[in-house]
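Below is one structure, written out as structure tokens; the observations come after it.
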Number of protein chains: 2
Amino acid sequence: MKLYQRDEIQAVVGIDDEALRQVEAGFIALGRGEAVQPAILSMVMEEFNSEVDVKTAHIKGWERYAIKVSSGAFDNPKHGLPSLNGLMMLFSARTGQVEAVLFDEGYLTMVRTAMAGAIAAKYLSREDSRRVAVLGAGEQAQRQVEALRLVRNIDIVDVWARRSEGAEDYADRMRSRGFTVSMHDSVHSACDQADIIITATSAREPLLFAHDLPDGVHVTAMGSDSPDKRELDESVLIHAGAFVCDCRAQSEHNGELKVFTQEKREPPFVVLELGRVIDRGERLRTSEADITVCDLTGTGVQDTAIASFALSRLAGR
Amino acid sequence: MKLYQRDEIQAVVGIDDEALRQVEAGFIALGRGEAVQPAILSMVMEEFNSEVDVKTAHIKGWERYAIKVSSGAFDNPKHGLPSLNGLMMLFSARTGQVEAVLFDEGYLTMVRTAMAGAIAAKYLSREDSRRVAVLGAGEQAQRQVEALRLVRNIDIVDVWARRSEGAEDYADRMRSRGFTVSMHDSVHSACDQADIIITATSAREPLLFAHDLPDGVHVTAMGSDSPDKRELDESVLIHAGAFVCDCRAQSEHNGELKVFTQEKREPPFVVLELGRVIDRGERLRTSEADITVCDLTGTGVQDTAIASFALSRLAGR
């Protein structure tokens with residue numbers, strides 16, 4: 001059994017084509033029904049303002065599966081600690097033995113989440129997409145855009161964030177990575193010329209509406225991952241006509257479909273899963289003006305894919 | 001963050017009064033509604049004949065919670081490996097940081113499961129219980145009896161097992177621990193004079209019936225812990241009149257109540273949870289002839305209790 005620390009993992013796994021292929025293989029297995037992915041185990045500790053999630057999935061035929069524990073302690077920033085933490089364990093599906101523990105502190109979650117956005121854009125956005133609007137200024141707001149470069153020739157970024165200092169800091173970071181960046185004081189203005197919109201906020205009320213969407217845009221919503229978060233107004237979903245998500249059950253519980261679950265309504269649009277769209281080669285974009293939407297809640301297959309990939313690189317050093 | 005191996009853990013945690021008190025504190029917290037205990041995360045890997053379960057619970061006010069991963073790989077014995085494996089992680093409820101990983105390979109599960117049986121007997125069996133009938137000859141068949149000695153003056157063991165070689169080996173082991181042991185070729189004969197009956201098998205069909213129960217006996221059923229296992233015939237539950245379990249939701253899904261869940265029937269007896277029985281001081285035994293039954297499926301509070309206890313002993317060495 002091997003133990004690896006974050007710095008060792010960071011040295012060998014990043015946002016690159018091979019990681020993308022691994023995560024995509026996970027989505028395709030899920031789409032084909034060739035993965036077993038239990039519901040997320042979730043526990044809230046109210047008196048500590050903290051929570052923990054456990055995700056896992058087994059991809060049929062794969063020798064290893066990951067179990068990921070993600071903890072969130074939301075008073076940590078007051079004490080100079082990061083809010084998010086966690087680790088991934090790799091088990092042999094054949095013998096049940098622990099093969100490795102990756103003390104990645106959330107690093108691999110960051111990578112596989114960015115990859116999911118890139119995969120969504122690869123299959124849903126216009127091929128000539130160059131300009132990205134980003135709502136939010138945190139780590140995923142950055143990593144999503146970096147990962148998009150694996151699949152589209154992105155060079156212009158329009159950013160909006162609730163706190164203008166956050167947007168300024170973000171703009172500096174992205175300019176140093178070679179992007180042309182504009183800051184905006186409204187969501188509408190940020191999205192006005194976008195080919196791709198990324199929502200990467202912790203919003204609890206919708207912040208993107210149908211009237212913010214330019215023709216032909218693709219939207220990836222990755223902020224909402226718990227029962228109390230929401231980024232997209234229903235009008236966005238209706239305008240798109242088809243709604244793609246990483247995992248329907250999770251989207252209904254934690255993601256952008258939960259308004260329909262809570263109100264016991266059938267969504268007035270087609271609901272598709274990303275892995276199935278990829279596997280079946282479905283074309284959701286039939287004209288230059290079509291709008292596509294993908295809601296990402298984060299799946300166990302991504303964790304098993306990225307952890308297996310990380311271990312193969314770590315072991316191969 | 002600390003890592004501990006099985007031998008270190010075994011050296012400081014065993015079947016003793018202090019471990020019993022810790023596990024009992026977990027049950028009482030659960031009974032008082034002072035614990036958060038999510039449903040078990042469970043995943044089956046059919047092509048490898050293997051499975052994995054994740055359990056956790058937070059006891060309100062406790063600084064740490066455990067997440068336990070238990071893996072079962074049922075082809076392992078063919079290759080000289082144990083079927084069961086696993087580890088426990090302790091997290092700070094306050095900061096979400098991993099404080100320790102206990103690579104106990106299932107050892108602490110063995111201890112806390114034996115403790116639960118002793119706690120059930122402490123509150124449900126007759127105080128003068130001396131004679132135990134054990135169905136099954138595996139590790140828990142042994143550990144349950146050893147743990148009973150913490151709460152009752154047990155000196156006679158009657159064993160029945162499907163394989164007679166298993167029973168013989170079991171009898172040798174228990175004699176060397178000071179018990180008077182008789183082997184039986186039927187469940188009925190084994191139970192005939194029992195004060196306490198322990199079922200510790202992997203039976204898929206009921207093997208204990210009402211007509212096997214002597215007056216005044218207490219039954220602890222700890223074998224059934226998955227949707228396809230079952231040890232007690234419905235007649236046992238009806239005969240007892242009250243049914244105690246460690247966690248009702250788990251008993252309905254994995255334990256002896258699942259026949260009622262599957263057939264969508266209300267159980268024709270009172271269903272109680274062990275922690276609540278202890279907390280409220282409920283007396284289920286009103287005459288010497290009363291029958292009591294407790295179904296144990298294994299709970300996250302037991303894992304958090306035993307892992308916290310183990311860490312306190314390991315850190316205090």
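In what follows, chains are A, B, ... by sequence order, proteins preceding strands, each numbered from 1.
Val98(B) touches chain A through its side chain: at least one heavy atom from C-beta onward sits under 4.5 Å away, while N, CA, C and O do not. Of the atoms belonging to Leu3(A), it is side-chain heavy atoms, and not backbone ones, that fall under 4.5 Å from chain B.
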Enumerate donor-acceptor pairs with a distance under 3.5 Å from any side-chain N or O in residues 87-97 of chain B to protein atoms, sequence neighbours excluded.
from, atom 1, to, atom 2, distance (Å)
Ser92(B), OG, Arg94(B), N, 3.2
Ser92(B), OG, Thr95(B), N, 2.9
Ser92(B), OG, Thr95(B), OG1, 3.2
Arg94(B), NE, Glu63(B), OE1, 3.1
Arg94(B), NE, Glu63(B), OE2, 3.4
Arg94(B), NH2, Glu63(B), OE2, 2.5
Thr95(B), OG1, Gln97(B), N, 3.2
Thr95(B), OG1, Gln97(B), OE1, 3.3

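The two atoms that bring Trp62(A) and Ala25(A) nearest to each other are CZ2-CB, 4.5 Å, heavy atoms only. Of all the heavy atoms in Ala100(A) and Tyr4(A), the pair that sits closest is CB-CE1, 4.3 Å.
Donor-acceptor pairing under 3.5 Å is recorded for the side chains of Thr201(A) and Glu231(A). Using modelled atom types and a 3.5 Å distance limit, the side chains of Gln140(B) and Thr113(B) yield no donor-acceptor pair. No hydrogens or angles considered: nothing links the side chains of His253(A) and Gln262(A) as a donor-acceptor pair under 3.5 Å. A donor atom on one side chain and an acceptor atom on the other are not found under 3.5 Å apart for Lys55(B) and Thr304(B).
Using a cut-off of 4.0 Å between Lys/Arg side-chain N and Asp/Glu carboxylate O, Lys2(A) and Glu99(A) are scored as not salt-bridged. Salt bridge absent: Arg6(A) and Asp104(A) never bring a charged side-chain N and a carboxylate O closer than 4.0 Å.
In terms of non-hydrogen atom pairs under 4.5 Å with chain A, the most contact-rich of Glu105(B), Lys60(B), Met43(B) is Met43(B).
Residues Leu274(B) and Ile119(B) have side chains in contact (heavy-atom distance under 4.5 Å, counting atoms from C-beta outward).
Within residues 28-42 of chain B, the residues having any heavy atom under 4.5 Å from a heavy atom of chain A are, by residue number, Val36(B), Pro38(B), Ala39(B), Leu41(B), Ser42(B). Residues of residues 65-81 of chain B lying under 4.5 angstrom from chain A, judged on non-hydrogen atoms, are Tyr65(B), Ile67(B), Val69(B), Ser71(B), Ala73(B), Asn76(B), Leu81(B) in numerical order.
Under the rule for a side-chain contact (heavy atoms from CB on, under 4.5 Å), the partners of Glu46(B) that lie at least two apart in sequence or sit in another chain are Val44(B).
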